[in-house]
2 protein chains.
Amino acid sequence: MIKRLDSRSPLSEADKLALLSVQHSVRKVPAGAHLVRDGEPPEQCALLLSGYAYRYKITGEGARQIVSLHMAGEFVDLQNSFLQVSDHSVQTLTEADVAFVPMQAIREITLSNPSIARALWVDTLVDSSIFREWVVNVGRRDSRTRVAHILCEFSLRLEAAGLAKDHRYELPMTQEQLADAVGLTSVHVNRVLRQLGEEGLISRDRRSITIEDWQRLREAGDFNERYLHHDFVAAARN
Amino acid sequence: MIKRLDSRSPLSEADKLALLSVQHSVRKVPAGAHLVRDGEPPEQCALLLSGYAYRYKITGEGARQIVSLHMAGEFVDLQNSFLQVSDHSVQTLTEADVAFVPMQAIREITLSNPSIARALWVDTLVDSSIFREWVVNVGRRDSRTRVAHILCEFSLRLEAAGLAKDHRYELPMTQEQLADAVGLTSVHVNRVLRQLGEEGLISRDRRSITIEDWQRLREAGDFNERYLHHDFVAAARN
DNA sequence: CGTAACTTTGATTAGTATCAAAAATGGTGG
DNA sequence: CCACCATTTTTGATACTAATCAAAGTTACG
């Protein structure tokens with residue numbers, strides 16, 4: 001986690017020590033547990049040490065839209081950190097090890113340590129960039145492109161997190177959850193996945209995805225990784 | 001602008017003075033001008049003093065998705081402030097007065113002044129919350145609900161900015177732009193607007209919108225203003 | 001093993017897009 | 001102030017994508 005922050009907004013050794021010594025408690029949380037609930041005040045900030053989680057909102061009609069997916073090393077709750085009431089829920093997708101940090105500790109360290117504040121802020125800005133791309137994905141791409149796009153995104157993010165390689169990864173989501181992330185029905189996602197398989201772009205085995213032809217899937221998904229901001233260190237120059 | 005920041009994350013008088021004295025240049029910018037271009041490094045941070053602007057991205061197919069709308073008093077470019085390359089473009093919707101602040105100045109003041117950093121950060125977190133809601137809007141709501149929802153959002157945001165009252169406002173967007181914000185075609189947006197009018201929920205005159213029945217439009221749009229975080233001051237308790 | 005959750009397939013429908021064109025509006029120069 | 005042109009709004013007809021409904025397979029798990 002620290003490595004990730006550092007890569008985008010450099011921290012001194014002292015900063016890293018300060019981060020490591022922030023008060024927190026680690027707990028193992030089962031799959032399907034809520035880390036944050038829509039409408040409740042955020043009191044702890046959860047950092048995923050292992051496992052997966054997703055943010056979602058429910059419409060008045062009862063439909064669910066997943067608005068982001070998070071994996072080991074990511075903060076799941078900085079988004080709510082300085083707001084009074086959570087505007088969405090966060091739920092684990094798998095069993096997960098979670099470090100809970102009291103909001104108060106986050107508030108204190110960010111006031112006393114501007115470099116850390118900066119690094120956390122940058123982290124939330126990257127989240128925002130992904131939200132924007134999801135608006136586009138869901139708003140302006142057809143079903144095949146949408147699904148291909150999200151498969152590309154997951155592949156790169158998991159590789160960056162060291163959870164995948166060679167364009168092969170475990171995706172611990174049901175097709176229904178995938179559907180809720182791309183704004184389609186699970187039935188349709190199923191058909192699209194089959195089609196992508198038939199075209200030789202991907203292959204699947206249970207929950208594992210192998211991208212057989214990265215270049216073509218990238219094109220099919222209208223995917224450009226720039227929005228992930230994986231390689232940049234703007235703040236490096238101060 | 002300062003008032004807005006202060007309301008969500010309190011600033012001392014000294015902070016306010018510091019903000020006011022940040023180096024900047026004010027320019028009048030014509031409608032349709034780009035403030036940020038996708039793919040270019042952000043060098044200045046634009047603060048809208050008057051007028052409107054929107055962020056957008058273009059898909060490989062050439063379709064446009066507007067990902068947010070900004071009005072007087074809002075920062076248009078904090079989102080890119082610490083990232084190396086912009087992942088989207090920002091264009092003015094109307095003629096606008098814009099204060100340009102060099103990124104360097106933002107970086108310096110946020111390192112030296114944690115309260116200001118906090119306030120700006122909170123501002124970007126609220127932006128994120130709106131992005132999330134847009135993902136839901138575009139991903140899981142039908143056309144009528146989507147349009148009603150965005151009309152509600154604009155009404156509250158404009159009122160909060162002092163640009164509207166009594167649920168009546170000027171919306172300087174064409175129906176095509178509105179369509180690009182809700183992920184529909186302009187033809188369909190036109191039909192939905194007509195329908196909302198026939199149902200007595202809104203009325204229109206040129207670009208001005210009057211919400212004739214707030215309660216019913218709110219229901220029609222599955223609208224809950226919580227995600228706008230207009231009334232909260234979490235950081236107040238530090 | 002038995003059962004619930006998930007995936008897959010098929011048939012039909014609904015909602016939006018697309019295409020086309022007419023009407024209205026707004027701005028410009030004469 | 002008017003005539004003209006470009007842009008925007010409106011309407012209609014048709015096509016297509018993805019939703020819905022239903023049910024059969026398959027997988028995971030206690």
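Proteins come first, then strands; the chains are lettered A, B, ... in the order of their sequence lines, and each starts at number 1.
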Mind telling me whether His167(A) and Trp214(A) have parallel, tilted or perpendicular rings, with 30° and 60° as the class edges?
parallel
Partner set under side chain to side chain contact (heavy atoms under 4.5 Å, CB included) for Ala96(A), not counting sequence neighbours
Leu48(A), Thr92(A), Val98(A)
Taking side chain to side chain donor-acceptor pair (under 3.5 Å) as the test, write out the residues that go with Thr59(A), two or more places apart.
none
Considering residues, nucleotides and ligands other than Glu61(B), do more than 12 of their heavy atoms fall under 6.0 Å from its CD?
no
Expressed in angstrom and rounded to an integer, what is the separation of Arg191(B) atom CZ from dA20(C) atom C1'?
12 Å
Under 3.5 Å donor-acceptor, Ser129(B) side chain and Leu125(B) backbone:
no
If an axis is fit to five pairs at each end of the helix from dC1(C)-dG30(D) to dG30(C)-dC1(D), what is the angle between the two, to the nearest 10°?
50°
Suppose we screen for side chain to side chain contact (heavy atoms under 4.5 Å, CB included). Which residues come up paired with Glu95(B), at least two apart in sequence or across chains?
Lys28(B)
Any chance CD of Glu176(B) has more than 12 other-residue heavy atoms, nucleotides or ligands included, within less than 6.0 Å?
no
Measure the distance from CZ on Arg146(B) to P on dG15(C) and round it to the nearest whole Å.
13 Å
Does the plane of the ring in Tyr227(B) sit parallel, tilted or perpendicular to the ring in His149(B)? Use 30° and 60° as the thresholds.
parallel
Take the angle between the ring planes of Tyr54(B) and Tyr56(B) and call it parallel below 30°, perpendicular above 60°, tilted in between.
tilted
Check for a donor-acceptor pair, side chain of Arg140(A) on one end and backbone N or O of Leu184(B) on the other, with a separation under 3.5 Å.
yes
Quick one, give me the B/S/- string for nucleotides 2-8 of chain C, reading 5' to 3', where B means a protein heavy atom under 4.0 Å from the base and S means that only happens at the primed atoms, P, OP1 or OP2.
----SSB
5' to 3' on DNA chain D, which nucleotides open and close the contacts with chain B (atom under 4.0 Å from a heavy atom)?
dT8(D) to dA13(D)
Rounded to whole angstrom units, what separation is found between the NE2 atom of His188(B) and the P atom of dA17(C)?
6 Å
